[in-house]
Amino acid sequence: MSPNLRIAFRFLTAKKRAMLMSLSCTVLGVGLFIVTQATTSGFEDFFVRTLLGTDGAMRIEDRKQSTLQSMEAAGGSGAHILQREGVKYIEGVEEPQLIKDAVRNFANVRGVSAVLRGNVQVTSPFKTEDAQIFGIKLDEHRLVSELERKITTPGGLGKFLESTSAVLIGRVLADRLQLSVNDSIVINARGESRRYHLAGIYESGSRDIDKTRIYLDLGEARSLLRRPTGATFVQISLHAPNRAREDAAHMEEVLGHSVRPWQEREKEWLSVFRALRVSSAITVTVFTLIASLAMFNTLAMIVLEKTKDIAILRSMGYERRDITQIFLWQAAIVLGIGALLGGLFGAAVTWGVSLVPLPINTLFKTQTFIVSWSVWHYVQAIATAVVMVMVASLVPARRAARLEPGDIVRGTAQ
Amino acid sequence: MSTVVTPASAPRVGDLALRCNALQRYLGQGEGRVHVLKGVSFEARRGQVYAIVGPSGCGKSTLLYLLGLLDQPDGGEIEINGQPMSNRDDFARTAARGAHIGFVFQFHFLMLEFTALENVMMPMRKLGRLTPAAMEARARSLLDSVGLGAKTHRLGTQLSGGEQQRVAVARALANQPSIILADEPTGNLDVKNSALVFDLLTRLAKDNGQAVVLVTHNPEIAQRCDVTRPMRDGLFV
């Protein structure tokens, strides 16, 4: 152990009460930082997971067509210049197979699925509701969504695969229509009615989806909607969803279709979560500020009480930087212990919070408080505490180092 | 940055250890500014014990702090073992203090959270010339020589005033400095302990060929020193 660390440790343990106060503040600062981050980002992460698991990381929707405008050149020469005016979008994807083949060449792409969407009315023996059908090829759609995992009824997707007249319905819509698995429904589209049977009920985690969306076989959907070719959109899942923006921009350029990454698709909700994150960041910064003020207070007190010891050390050949180090070591010791205990405290409280009942069934579905477990929350909490506490400790440490030993000895002796 | 530290391992009795010339020092500011030292010159040789005596406020302690490089003069020169120190930076003066000078203060000035052994080892740990085992052995030996061999692991708070001052003497000798500066080392002690501490200080210093400069109000102590320099109003008389 270095002499400075040894001295720092003794100085600190001699001021147990002040040290425990600083330590408590550091533990609270680090712990509450972690808890706040875990709870704030917990809901955001869950929301993102829900939407990625349902609607994929991006969608290729409409074909882009450049439009041209002619203008007369100046000087009345009669010459015309063709100028790019803007982009016209043609709804839907006309050649989904070509698009899918092209998209599969992108390294980050995990799965691609063409989807045909259409508005319908669905009727059970009890009720009629408006809904949207999503025609899918299940083999493809499994790769771009978590539909299989979200089936809540026995048998999973097995019954859906058995027949083209099988449909999957969201939990909210099924409850409204009072449907159970194997029940019959009638779907009406474009003036034509067809009978289907319910092969499964899913819970996507989003109430908006669960109250409107009906999945059925793509071929059957084409027949029902009278759309023998094309698709409404192509849904894509990615190995690294956070790279969706970059990939979308690249695909848009290459494919000539509008490509919407999930960040753009859900930007309203994501901006709400971002605002919450900023708000919580301000709160947790206050926590750590309190911790740093406590450390400042403790060190300032130790400096005042240890001026005589500083003079002794200086008289023995300890340099100014040794004195600075001794006080910074004290802050570092409190920080080290505080970070460890704060991390444990944060983890324990985060775990406790995750057990708190909190039924939500709107934007997403959950029964308990959602928390996020990320090592980065701990890294951020500790890094913030280190920066703030060490900066706060620099002031008393430098003050201690600036003390002139002669002045101290003279003052003490008088 | 180079230091001015030179080994003090081969002291020769009679060598000049410390010299100052025409030292000036003012204390206070504005109307309260006092001319404390008015051109003091002084020298101390190895193996000699010097007493600086005089009434309170005459500048004895101020001179001692200047000689110990704890303070900076407003004018004049200080040499430690032939090296000019008065205009050196804090780093060089601190290094010289650690290597060449041992202090004994009136109020013991032990670090009370540390044991007697740790207090004596502290200057050695900073200088870093010895291994940890050798430091501990030397500290034990020094404490033994001041009669505290059985109390090495007592905290400063568990020692009497006389014992604390003996630990301070042992600590001052820890790095085998060429100069021992003592500011009223017996000022807070009873007669018995005063004699004990003074005897220790002078015996150990003479054994090691060190120059001892002490400030004292005690005429008996002053009489027993090799050289007595009375001061008045910032000057030797």
Side-chain angles (χ1 to χ4, degrees), chain A residues 1-20 298-299 301-327 329-330 333 397-414, chain B residues 3 5 25 27 36 56-57 61-62 64-66 68-72 89-115 118-119 121-128 132 135 155-157 168 171-172 174-175 177 181 183-184 187 215:
Chain A
M1 191 188 287
S2 79
N4 295 347
L5 176 57
R6 190 187 301 265
I7 294 166
F9 187 74
R10 288 292 175 83
F11 277 5
L12 207 54
T13 49
K15 297 291 299 174
K16 285 192 180 67
R17 193 172 298 175
M19 191 269 282
L20 285 174
T298 301
L299 287 186
M301 199 158 56
I302 292 177
V303 170
L304 281 177
E305 291 185 7
K306 294 292 178 190
T307 50
K308 196 181 73 172
D309 295 47
I310 292 166
I312 299 170
L313 290 167
R314 297 280 285 131
S315 76
M316 290 189 297
Y318 283 75
E319 297 157 25
R320 288 189 197 281
R321 68 178 174 192
D322 291 317
I323 304 299
T324 305
Q325 272 178 19
I326 286 167
F327 283 90
W329 266 124
Q330 292 176 65
I333 291 167
R398 289 172 68 90
R399 183 180 176 276
R402 278 201 304 269
L403 290 172
E404 285 294 340
D407 292 343
I408 301 168
V409 175
R410 192 180 299 115
T412 312
Q414 278 170 356
Chain B
T3 69
V5 178
R25 183 68 173 119
L27 291 177
V36 181
S56 291
S61 294
T62 302
L64 201 75
Y65 303 148
L66 287 175
L69 310 177
L70 290 174
D71 197 3
Q72 282 191 288
D89 60 19
D90 186 74
F91 184 83
R93 290 187 299 122
T94 304
R97 270 202 304 272
H100 296 299
I101 303 170
F103 286 93
V104 181
F105 298 103
Q106 181 181 0
F107 294 95
H108 325 315
F109 274 18
L110 290 191
M111 294 179 72
L112 299 177
E113 294 84 9
F114 293 83
T115 64
E118 288 169 329
N119 265 285
M121 287 174 73
M122 210 159 279
M124 292 190 266
R125 282 195 171 121
K126 176 57 194 165
L127 196 61
M135 287 180 202
L155 292 174
T157 47
R171 186 181 64 189
N175 283 340
L181 300 175
D183 186 10
E184 305 262 17
V215 163

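All chains are named by letter (A, B, ...) in the order of the sequence lines, taking the proteins before the strands, and each is independently numbered beginning at 1.
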Less than 4.5 Å to any heavy atom of chain B: does that hold for the side chain of A/Asn4, its backbone, both, or neither?
neither
Chain B contact via A/Arg6 - side chain, backbone, both or neither, heavy atoms under 4.5 Å:
both
Listing request: all salt bridge (Lys or Arg N to Asp or Glu O under 4.0 Å) pairs with a residue in residues 95-107 of chain B, at least two apart in sequence or in separate chains.
none
Chain A contact via B/Glu118 - which portion, at a heavy-atom distance below 4.5 Å:
side chain
Tell me which of these, B/Arg125, B/Gln72, B/Met121, has more heavy-atom pairs under 4.5 Å with chain A than the rest.
B/Arg125
Look at the aromatic rings of B/Tyr65 and B/Phe105 and report parallel, tilted or perpendicular, splitting at 30° and 60°.
tilted
Whatever's closer than 4.5 Å to a heavy atom in chain B on A/Ile7 counts as both
Check for a donor-acceptor pair, side chain of A/Arg320 on one end and backbone N or O of A/Ala401 on the other, with a separation under 3.5 Å.
yes
Ion pair A/Arg314/A/Glu404, N-O distance below 4.0 Å
no
Tell me, do A/Tyr318 and A/Ile310 make a side-chain contact under 4.5 Å, heavy atoms counted?
no
